[in-house]
Amino acid sequence: MDFLTVLMITVIVFANSAGDVLITRGMKRVGEISTLHPREILIVAGKVLLNRDFHLGIFFLAIGFFSFLAVLAWADMSLVVPATSIVYVFSILGAKFVLREEVTPLRWAGTVLVCAGVALICL
Amino acid sequence: MRTAIVISAAVLAQAAGNTLVSKAMKTIGGMSASSDILSPLLLVEAMGNPMIWTGTGLLILFFILFTASLSWADLSYVLPASSFGYVLNVAFARHFLDEPVSPARWSGALLIFLGVALVARSGKMKTAVPATPKSPEGQ
């Protein structure tokens with residue numbers, strides 16, 4: 001694997017993890033969505049669209065997505081997708097250290113299994 | 001229960017959306033020469049395909065449901081749980097798109113299934129959320 005591919009995979013993993021963490025922080029600040037009433041949902045949607053963390057999250061997810069498209073121009077998808085499945089572990093680390101979520105050993109075990117499963121599926 | 005329903009609906013929408021977009025793009029790509037695969041004409045053709053719009057609509061629905069669930073549940077729960085979509089994607093690709101699925105892919109799907117089962121057993125919310133208007137409970 002050449003240097004540029006490794007760099008792009010690193011960018012994809014960090015951008016996606018940062019996007020997930022920021023969107024979660026934004027949604028937690030907006031508050032729990034507990035209604036199906038159209039007017040209430042519109043109010044919540046307005047709050048979400050004005051949330052700075054949500055904007056930043058979308059920005060990072062877009063960086064991840066376009067980096068993914070770019071790296072596919074020269075690298076095999078069967079290499080890129082399994083390599084980027086490590087994003088699950090980094091997002092959980094973000095959840096633990098940035099969002100202060102309590103990540104139990106059961107969640108860690110499940111996340112590692114998911115990560116290995118995603119890698120196997122795409123090989 | 002609400003978290004399970006919302007995540008199930010999200011992964012179902014994602015798998016159906018991916019299948020529809022994939023089927024439409026294969027149909028459009030099959031009609032064009034392979035050298036034209038990135039041509040603007042192909043893009044215009046894709047924009048006129050109802051399957052692309054339905055698939056894209058379902059993928060947007062996935063994102064809305066995924067984002068909504070993050071307003072009350074932990075990211076460390078929602079992210080691995082929603083990866084069950086990979087398993088559905090493999091099953092849908094096999095069933096609706098007649099794609100060959102190798103034993104390695106089925107093994108991967110089984111690992112994801114086990115991983116999701118473990119995460120689901122951990123409960124949707126382990127972390128108290130300060131300064132939010134409503135309690136995170138109410139499953």
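The structure displayed is predicted, hence computed values, not measured ones. Letters A, B, ... mirror the listed sequences (proteins, then strands); counts begin at 1. Only this structure's heavy atoms are used, side chains among them; waters, hydrogens and symmetry mates stay out.
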Exercise. Are L111(B) and L106(A) grouped together when hydrophobic residues (ILVMFWY) are joined by side-chain heavy atoms under 4.5 angstrom apart?
Worked result: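 As far as the 4.5 Å side-chain criterion goes, L106(A) and L111(B) are connected within one cluster.
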
Exercise. Are V89(A) and V11(A) connected in a single hydrophobic cluster, I mean Ile/Leu/Val/Met/Phe/Trp/Tyr linked by side-chain heavy atoms less than 4.5 Å apart?
Worked result: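 In one cluster with V11(A): V89(A), no.
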
Atom [atom1] of residue position [X] - does it have more than 12 heavy atoms of other residues, nucleotides or ligands inside 6.0 Å?
{"X": "F63(B)", "atom1": "CZ", "value": "yes"}
{"X": "W106(B)", "atom1": "CH2", "value": "yes"}
{"X": "F59(A)", "atom1": "CZ", "value": "no"}
{"X": "F92(B)", "atom1": "CZ", "value": "yes"}

Exercise. If you tally heavy-atom pairs under 4.5 Å against chain A, which of L70(B), L114(B), V87(B), L110(B) wins?
Worked result: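 Among the listed options, the one with the most contacts to chain A is L70(B).
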
Exercise. Quick one: of L79(B), I64(B), N89(B), who has the most non-hydrogen atom pairs under 4.5 Å with chain A?
Worked result: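 Most heavy-atom pairs within the cutoff with chain A belong to L79(B).
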
Which atoms of [X] approach chain B - backbone, side chain, both or neither, heavy atom under 4.5 Å:
{"X": "L93(A)", "value": "neither"}
{"X": "I41(A)", "value": "neither"}
{"X": "V48(A)", "value": "neither"}

Problem set entry | Part of V116(B) within contact of chain A (heavy atom distance under 4.5 Å) |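 Contact with chain A involves both backbone and side-chain atoms of V116(B).
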
Exercise. V21(A), V112(A), D20(A): which one forms the most heavy-atom pairs within less than 4.5 Å of chain B?
Worked result: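 Maximum pair count with chain B is reached by D20(A).
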
